[in-house]
Amino acid sequence: MSENRQIFTLKQVVSSIRKTLEERYQQAYWVKAEMHKLNLYPSGHAFPELVQKENDKIVAQVSGSIWSHNFQRINRQFMVVVKEPLKEGTTLLLQVKVAFSETYGLSLQILDIDPNYSLGELQRERDETLHKLQAERLLNRNQQLDFPLLPQRIAIISADTSKGLSDFMKVLNNNPWNYHFFTMLFHAYLQGDMTVPSIIEQLKRIEKVKDHFDIVVIVRGGGGEVGLSCYNNYALCKEIASFPLPVLTGIGHSTNMTVAELVAFRNAITPTELADFLLQTFHDFSVPVQEARKALRTYSNRLIEIKKQHFNSEIKHFKNSALLYLNTSKNKLVQKSQQFNSEAKTLILRKRETLHFAQKESIAHTKRFFKVEKEHILGFQLDLPQKLKALLDREKRNVHEAESMVNLMNPKNVLKRGYSITTVNGKTVHGEMAIQEGDYIQTKTYDLEIESIIQKISKHEE
Amino acid sequence: MKNELLYTAAFDELQQIVRDMEAGEITVDELSVKVKRAAELIAICKNKLSSTEEDVNLILKELEK
Amino acid sequence: MKNELLYTAAFDELQQIVRDMEAGEITVDELSVKVKRAAELIAICKNKLSSTEEDVNLILKELEK
Amino acid sequence: MKNELLYTAAFDELQQIVRDMEAGEITVDELSVKVKRAAELIAICKNKLSSTEEDVNLILKELEK
Amino acid sequence: MKNELLYTAAFDELQQIVRDMEAGEITVDELSVKVKRAAELIAICKNKLSSTEEDVNLILKELEK
Amino acid sequence: MKNELLYTAAFDELQQIVRDMEAGEITVDELSVKVKRAAELIAICKNKLSSTEEDVNLILKELEK
Amino acid sequence: MKNELLYTAAFDELQQIVRDMEAGEITVDELSVKVKRAAELIAICKNKLSSTEEDVNLILKELEK
């Protein structure tokens, strides 16, 4: 310890710190911090705990203060812009002035909170939930479920005091079509910090008895546009998205759809609309059934009518074909027999011609035959006189020749030419005759008879 | 006996006769036999057609009732 | 008797007579007998043809009824 | 027996007969048998059509109650 | 008697006479007898021909009717 | 469970029948059967619209398990 | 008597005489006797020929009628 030490009073020190801080931090700063606790006091002032976390560990912490009038203004602005009241555990963009009170110490006096930053933060949370669900492929999981043809058995998650629930039930139960629904209410908080765990709990209960239900509806009414950020909660949205039954939401707002609504099988703006949708699904089932009855009549009448027409036209067709067939057959027969007739006639005609030719030939031959025969006979008749004349002439010639010869040889004719015949005692003289010289001979000439005596006899050579 | 010969057989035989005649393969002696036969066949066919026609007309009339 | 002789036989005989006559193989003595025969044969053939034709016409008439 | 043959089968058979008749694939000998069969089939179809119509009308009337 | 001699025989005899005459195988003594015979034969043939022709013409005329 | 399947199947089957009938793909033979079946299916569907068999107490009991 | 001797005999005898005469086998003493005979025979032949010719001409004339 040193001797010349200076001792200050606490006030001196604290005042000096305040003075130094006030000199150093004169202006207001925008600070980003998580509002860990709001610590709203009945006086209307709030003394929130501001922290900064890194990896869930608090790395900075300081107290804040919001004076009542500021708090009310800020809260109004939040409700208008963010549609949420200031909520603990959210990161805010705060306009602060460093304040130091000798008695309370250091705090950040919160002058304003930027609702737009919070809006962005909410948006970021929403986006984060969406991203996570997408990464887990849960975004469309519930929507991919088969929706029952008739969503008749409904597990309702709502608050029994909710106006939305009564609207919903009124529409379902008072339907004029006598559609019957089976509903069972599973009570849950629909607003505030309890919303997420209570809805999740009820969903888990419903899952136990899911075979008794067709769908789950989350119905909330009258809450307006405020306090919906819990429906962007990842845990809740994951539960809804992966629920084994279709979850339908009707949480009564019209803007900025929450993730819960996005991942739900279907979202209706209001519970009434949701009920109307359910009735519509009944219509969608009932109308075709009703129409099927009409269609049954129409189509069966039409079908029978068509079949009757087919049938009648087939009968007509049949009649025509039968008659045509008969007619064709008759014509064929007539044609064939006419052909037969003409062929037979042609054949007969040809045979007739052949016969006629034979007849003509036989007549011609007969006539020629007679002609030839007559010519033969005529030939004989003509030949005969000639042949006779020739024969007679030849004979005449023969006789004439003989006559000529005889005439030639006639002694009278010989004597006429100067010859004479010498006879002795009436006999013609020849060599062998015994005649002597001195015998008497008679000589005969053509006109004289001479008697003479032989003087000399001699023979001549020839 | 006549009706026992089927129309088809009768008509075919008739056709054969006509074909033979066309081919000139029929003598006059056969012709008169064939002519007689053809007359028979034509009568058979005609009878068959008429009786069939009656049947058909009866059925068709029955149908229109 | 006449109708019992077939047309073909009658016609063949007729043709033989015509051929014989053409060849001069018939004597005058035979001639009138042969011509008489030929006339007979022609008549037979003609009759046969006519009766066949009548038959044919009858069929057609029968059919047109 | 009649009702045991289905309308479709009966109608098809009827149609086949008509087609065969049109195509000339039926002989005159078969015709009256085929026509008789066709009449039978027509009766079957007619009965079937009217009984079906009656049945259907009855069911539909019942349904509208 | 004349008609009983056939034309053929008469014709043959006639031909023989003519041939004999040509061949000079007929003596003058026989001649007039032979000629007489030839004339007779010619007459016979002529008659025969005419009567046959008449017969035949009658038949043919009958045929052409 | 069973009933759900039943009505869904009934609805689908009904719709199919209507479609088939609209397309005219039903034979006369099937028609009355199909219409009868459709009437049955309509009854099933109509019944389903106006009734369920669930019991709240049963569910509560199950929830307590 | 003349006519009783046939032409043929007369002509033959005549021809014998002619032949004898030609052969010179007849003496002058016989000659005139033979000549006388020949003259007789010639006359017979001539007569016969004339009468035959007349006969024949008559027949032929008759034939040409």
Side-chain angles (χ1 to χ4, degrees), chain D, chain F:
Chain D
M1 262 295 277
K2 274 184 182 177
N3 283 326
E4 285 177 22
L5 185 64
L6 293 175
Y7 180 90
T8 312
F11 192 77
D12 286 353
E13 194 182 338
L14 177 62
Q15 236 168 354
Q16 191 55 48
I17 289 174
V18 173
R19 267 200 298 274
D20 288 350
M21 224 146 61
E22 264 177 343
E25 281 169 9
I26 283 178
T27 65
V28 174
D29 300 307
E30 291 166 313
L31 188 64
S32 61
V33 173
K34 289 280 178 185
V35 168
K36 225 165 263 167
R37 179 64 182 157
E40 252 174 56
L41 294 168
I42 286 169
I44 289 167
C45 287
K46 237 181 181 170
N47 280 337
K48 197 85 188 177
L49 270 178
S50 12
S51 74
T52 301
E53 199 175 12
E54 269 172 45
D55 281 4
V56 167
N57 283 335
L58 218 75
I59 293 162
L60 293 179
K61 210 167 269 172
E62 200 66 33
L63 203 64
E64 278 163 10
K65 274 183 189 170
Chain F
M1 265 294 276
K2 269 190 184 173
N3 276 332
E4 276 175 47
L5 239 154
L6 216 89
Y7 87 85
T8 309
F11 187 78
D12 288 349
E13 194 183 339
L14 178 62
Q15 220 98 344
Q16 189 56 47
I17 289 174
V18 171
R19 267 198 301 276
D20 288 349
M21 265 169 55
E22 191 177 2
E25 280 168 9
I26 283 181
T27 66
V28 174
D29 300 306
E30 292 165 315
L31 187 62
S32 61
V33 174
K34 288 280 178 187
V35 170
K36 209 171 276 167
R37 179 68 182 153
E40 262 172 45
L41 296 168
I42 286 171
I44 290 168
C45 289
K46 273 174 87 182
N47 199 38
K48 179 71 187 173
L49 280 170
S50 55
S51 71
T52 53
E53 285 167 3
E54 291 301 336
D55 183 358
V56 177
N57 291 326
L58 203 85
I59 297 170
L60 290 175
K61 213 171 272 171
E62 268 183 54
L63 276 174
E64 280 163 15
K65 275 181 199 167

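Numbers restart at 1 for each chain; the letters A, B, ... are given by sequence-line order, proteins then strands. None of these values were measured; they are calculated from a predicted model.
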Checklist outcome for this item: Looking only at heavy atoms, the pair that brings F:Asp29 and D:Tyr7 closest together is OD1-N, 2.6 Å
Item to check | D:Leu63 side, atom CG; F:Lys36 side, atom NZ - distance, nearest 0.5 Å | outcome: 13.0 Å
Item to check | Nearest-0.5 Å distance, OG1 of residue D:Thr52 to NZ of residue F:Lys34 | outcome: 14.0 Å
Checklist entry - Any idea which heavy atoms bring D:Val56 and F:Ser32 closest together, and the distance? => result CG2-CA, 4.1 Å
Checklist entry - How far does CZ of F:Arg37 sit from CD1 of D:Ile59, to the nearest 0.5 angstrom? => result 12.5 Å
Item to check | 4.5 Å side-chain heavy-atom contact, F:Val35 and D:Leu60 | outcome: yes
